[in-house]
Amino acid sequence: MFPKTPDISEVFEKFDEGSEVVIRGWVYRIFKVGGKVFAWVRDHSGYIQVVFDKSCLSSDWDFVEKLTRESSVEVKGVVRIDARAPGGKEIVASNLIVYGYSPPFPIKGGEDIEYLLNVRHLWLRSRQMIALLKIKHTMIQALRDWLIKNGWWETTPPILTGSAVEGGATLFEVKYFDKAAYLSQSAQLYLEVLIFPLNKVWALTPSFRAEKSRTRRHLSEYWHLEVEAAWYDMEDMMKVAEDMVSYAVAKTMEERKEELKLLNRDTSKLEKALEIPYPKITYDEAIKILQKKGFNIKWGDDYGADEEKALTEEFETPFFVTHFPKHIKAFYMKEDPKRPEVVLGFDLLAPEGYGEIIGGSQREDNYEKLYNRIIAEGLNYQDYEWYLDLRKYGSVPHSGFGLGIERLVMWVSGIEHIRDAIPFPRWRGRIYP
RNA sequence: GCCGGGGUAGCUCAGCCGGGUAGAGCGCCGGGCUGUUAACCCGGUGGUCGGGGGUUCAAAUCCUCCCCCCGGCGCCA
């Protein structure tokens with residue numbers, strides 16, 4: 001067993017000048033000046049400067065001479081306060097153990113994105129990536145906390161499925177014994193099953209979309225938080241969405257201050273997302289806004305990336321768009337009883353150009369209507385027999401939504417590209433490492 | 001799938017238009033420096049110019065086909 005050593009952040013917090021300490025980590029930067037060697041040693045909590053001075057070191061000086069970036073080390077030494085050290089504190093080493101030397105580290109700064117993606121397994125050690133990994137952790141934790149505190153059951157829908165939720169063109173096909181199966185695009189249909197035994201359910205699963213997308217907002221594999229509940233109408237579900245999102249933003253701002261600062265996130269903009277309820281506009285109103293802004297768009301058109309971006313500029317907080325034309329939305333969305341040409345669907349768009357982070361709806365709970373929509377979409381109704389059964393055996397009004405975890409992390413972190421919201425991004429052509 | 005940009009040293013790029021012995025900075029290696037913060041100074045090392053085919057006395061450079069990457073669009077979370 002390894003005797004436990006303090007985190008590097010604890011050296012700053014709990015160890016006074018002159019106290020002896022042992023730390024473990026990786027060499028992050030190294031400077032050799034005169035007779036001394038300065039090494040910044042990093043662990044998950046931060047980094048500290050270690051000073052190697054021949055006169056203070058009992059272990060072999062040769063080990064110090066050979067130190068390289070990303071070598072893994074254990075250092076014993078004495079804490080010293082010194083203004084010349086980053087953070088104002090350093091460790092004067094008395095002993096060095098090297099667990100593993102590193103050949104010249106392939107990332108030195110200034111590399112282009114293709115190169116960095118190919119050494120992603122090493123790039124994840126950078127301070128920006130560490131910050132993003134931590135922000136994602138905190139956001140997932142907060143969303144989960146909120147759901148559990150509010151009485152939602154966590155469930156485990158399948159990843160391998162026999163049929164599509166939406167279109168078939170974007171499915172990843174896999175071999176399933178002697179048949180074909182597909183990687184799940186959404187757990188929604190299964191969550192709709194699970195509201196009958198559990199009323200209010202959710203799941204956090206990977207979703208897969210084989211879209212040939214080449215945008216900064218799409219991944220082929222992303223983490224999908226989906227919720228579904230019986231006796232929730234669209235309004236109820238929008239309330240869940242805004243409560244949950246604002247809670248997660250608040251928690252992240254509270255617990256990940258340093259990381260947001262490292263990423264240069266303007267948190268004054270995030271603060272506005274703490275106030276709920278979020279504004280709600282209908283699709284009709286969105287079209288009018290866009291027309292006023294000079295976009296060539298008419299009722300019935302789906303809005304594209306430019307239009308969506310323009311819309312988000314009208315708001316400083318996340319906001320909802322509701323009541324879309326039926327033909328631009330999925331078959332399972334419930335028709336508005338007052339206006340059959342629109343559905344009870346909603347999107348939650350993040351401000352600052354980030355756009356859609358949630359898509360949800362009240363579900364069609366009438367057997368005939370759902371059956372007709374399936375046929376009208378050209379889908380094979382036999383694939384959906386079990387799903388149609390839900391409308392036969394005690395059908396219930398219900399609603400749900402799906403949230404893209406990486407989209408949320410991207411907006412809250414203020415980053416340019418979704419690939420940095422996931423450690424091992426996947427899209428067309430990218431499967432390594 | 002479509003539009004645009006790109007592939008030259010370990011990395012970032014120049015050279016290509018107008019063909020004529022492959023360049024720079026960084027890194028790395030060696031030396032120097034008594035406190036570095038992307039250290040600095042001196043010296044050294046480093047290449048199937050993405051791949052195939054073609055034109056030419058001669059191709060990184062011109063023509064052609066193919067591959068890969070990046071940015072954007074549509075689709076979505």
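Small disclaimer: the values here were computed from a predicted structure and weren't measured. Naming: A, B, ... by sequence-line order, numbering from 1 per chain.
A donor-acceptor pair shorter than 3.5 Å cannot be found between the side chains of K329(A) and Y283(A). A donor atom on one side chain and an acceptor atom on the other are not found under 3.5 Å apart for H398(A) and D365(A). In this structure, a donor-acceptor pair under 3.5 Å is absent between the side chains of D284(A) and T282(A). Judged purely by distance below 3.5 Å, without hydrogens or angles, the side chains of Y332(A) and E192(A) never pair a donor atom with an acceptor atom.
When the P atom is compared between G23(B) and A9(B), the two are found 14 Å apart, to the nearest whole Å. C26(B) and G71(B) have their P atoms separated by 29 Å, given to the nearest Å. As rounded to the nearest Å, C33(B) and G43(B) have C1' atoms that lie 15 Å from one another. Taking atom C1' in both G18(B) and G1(B), the straight-line distance is 38 Å, to the nearest Å. Taking atom C1' in both U8(B) and U12(B), one finds a spacing of 12 Å when rounded to whole Å. Taking atom P on both nucleotides, G19(B) is separated from C75(B) by 47 Å, rounded to a whole Å. Nucleotides C3(B) and G47(B), compared at atom P, are 39 Å apart to the nearest Å. G6(B) and C16(B) have their P atoms separated by 14 Å, given to the nearest Å.
With hydrogens and angles ignored, no donor-acceptor pair under 3.5 angstrom links the side chain of K108(A) to the base of G27(B). Side-chain atoms of R407(A) and base atoms of C76(B) include a donor and an acceptor less than 3.5 Å apart. Contact annotation: side chain of E90(A) to base of G35(B), donor-acceptor pair present below 3.5 Å. Under 3.5 Å, the side chain of Q49(A) and the base of U36(B) form at least one donor-acceptor pair of N or O atoms.
Between R428(A) and G1(B), a side-chain N or O to OP1/OP2 separation shorter than 4.0 Å is present. Phosphate proximity of A38(B) to R29(A): absent, as no side-chain N or O sits under 4.0 Å from OP1 or OP2. Applying the 4.0 Å criterion to OP1 and OP2 of C70(B), one finds that H417(A) has every side-chain N and O outside that range. A close approach under 4.0 Å does not occur between any side-chain nitrogen or oxygen of R209(A) and OP1 or OP2 of C75(B). For R419(A) and G71(B), the shortest distance from a side-chain N or O to OP1 or OP2 is below 4.0 Å.
Comparing A39(B), G72(B), C76(B) by their closest approach to the side chain of V33(A) singles out A39(B). For K36(A), counting side-chain heavy atoms from C-beta on, the closest listed nucleotide (C70(B), G35(B), C76(B)) is G35(B). Side-chain atoms of R216(A) lie closest to G71(B) of the nucleotides G71(B), G35(B), G10(B). You'll find that the side chain of T215(A) is closest to G74(B), out of G35(B), G72(B), G74(B). Relative to the side chain of I418(A), the nucleotides A77(B), U36(B), C70(B) differ in distance, and A77(B) lies closest. Closest approach to the D82(A) side chain among A77(B), G35(B), C69(B) is made by G35(B) (side chain taken as heavy atoms from C-beta onward). Among the nucleotides G35(B), G1(B), C76(B), the one closest to the side chain of K212(A) is G1(B). Residue R214(A) places its side chain closer to C73(B) than to any other of C73(B), G35(B), U12(B).
Between D420(A) and R120(A) a salt bridge is recorded (basic side-chain N to carboxylate O distance below 4.0 Å). Between K32(A) and E65(A) there is no salt bridge, since none of the side-chain N atoms of the basic residue sits less than 4.0 Å from a carboxylate O of the acidic one. Taking a cutoff of 4.0 Å between a charged side-chain nitrogen and a carboxylate oxygen, K134(A) and E258(A) do not qualify as a salt bridge.
Aromatic stacking of F31(A) on A39(B): not satisfied for centres closer than 5.5 Å together with planes under 30 degrees.
Residues R80(A) and I30(A) both approach RNA chain B. Their nearest nucleotides, taken by heavy-atom distance, put R80(A) toward the 5′ side. Nearer to the 5' terminus of RNA chain B, by closest-nucleotide assignment, is the contact made by W427(A) (compared with the other of L403(A) and W427(A)).
Spacing between atom CD of E70(A) and atom P of C28(B) amounts to 13 Å, rounded to whole angstrom units.
E221(A) comes within 4.0 angstrom of nothing in the nucleic acid, heavy atoms only.
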